[in-house]
Trainee: 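Right, I'll just put the structure down here and ask away after.
It should be emphasised that the depicted structure is a prediction, and the values quoted were computed from it without experimental measurement.
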Amino acid sequence: MKKIEAIIKPFKLDEVKEALHEIGLQGITVLEAKGFGRQKGHTELYRGAEYVVDFLPKVKIEIVVEDGMLERAVEAIQQAAQTGRIGDGKIFITPVEEAIRVRTGERGNDAI
């Protein structure tokens, strides 16, 4: 099993969710996040004063998938989240040793 963590632009969340649903993935965790990478924020004007917005709004998606679904899931996220502009986000993949469904006690792939 693998855990996919994707940090994307908030307005792309629905498209990514639909793309994952189309390939058969159902479980998804979504967290609101703030951060910056190469884009390093931007300046805004508020009541006549200019200030720097360092941390931009992002959405972090977490999914645990069977090894066989990994490439399809990553491809779906990448295609749905891409705008072609700076700040599109990142995808991180890490191994998952075990998954346990709390309600039934199922383990491994059965739990996801």
Trainee: Can Ile91 be reached from Val64 by stepping across I, L, V, M, F, W or Y side chains whose heavy atoms are under 4.5 Å apart?
Mentor: no
Trainee: Side chain to side chain contact (heavy atoms under 4.5 Å, CB included) with Leu13: which residues, sequence neighbours excluded?
Mentor: Val30, Val59, Ile61
Trainee: Does the Asp88 side chain pair with the main chain of Thr83, one donor and one acceptor, at a distance under 3.5 Å?
Mentor: yes
Trainee: So, using side chain to side chain contact (heavy atoms under 4.5 Å, CB included) as the criterion, who are the partners of Arg103 when residues are at least two apart?
Mentor: Arg101
Trainee: I need the Ile63 CD1 to Ile4 CD1 distance, nearest 0.5 Å.
Mentor: 5.0 Å
Trainee: Establish whether Leu20 and Ile93 are linked, either directly or via other cluster members, by ILVMFWY side-chain heavy-atom contacts under 4.5 Å.
Mentor: yes
Trainee: According to salt bridge (charged side-chain N to carboxylate O under 4.0 Å, His left out), does anything in residues 14-27 pair up with another residue at least two apart or in another chain? List the pairs.
Mentor: Lys12-Glu15
Trainee: Quick check: is Ile8 connected to Leu25 through a chain of hydrophobic side chains (ILVMFWY, heavy atoms under 4.5 Å apart)?
Mentor: yes
Trainee: Rounded to the nearest 0.5 Å, what separates atom CD1 in Ile7 from atom CD in Glu62?
Mentor: 9.5 Å
Trainee: State which residues pass salt bridge (charged side-chain N to carboxylate O under 4.0 Å, His left out) with Glu5; sequence neighbours excluded, sorted by chain then number.
Mentor: Lys60
Trainee: Is any side-chain heavy atom of Glu66 closer than 4.5 Å to one of Ile112?
Mentor: yes
Trainee: Locate the shortest heavy-atom distance separating Glu106 from Ala111; write the atom from each residue and the value.
Mentor: O-CB, 3.4 Å
Trainee: If the condition is side chain to side chain contact (heavy atoms under 4.5 Å, CB included), which residues does Glu98 pass it with, not counting sequence neighbours?
Mentor: Ile100, Arg107
Trainee: Can any side-chain N or O of Lys58 pair as donor or acceptor with the backbone N or O of Gly87 at less than 3.5 Å?
Mentor: yes
Trainee: Return all side-chain donor-acceptor pairs below 3.5 angstrom for residues 67-78, not counting sequence neighbours, or 'none' if the list is empty.
Mentor:
| residue | atom | partner | partner atom | Å |
| --- | --- | --- | --- | --- |
| Asp67 | OD1 | Met1 | N | 3.2 |
| Arg72 | NH2 | Ile23 | O | 3.3 |

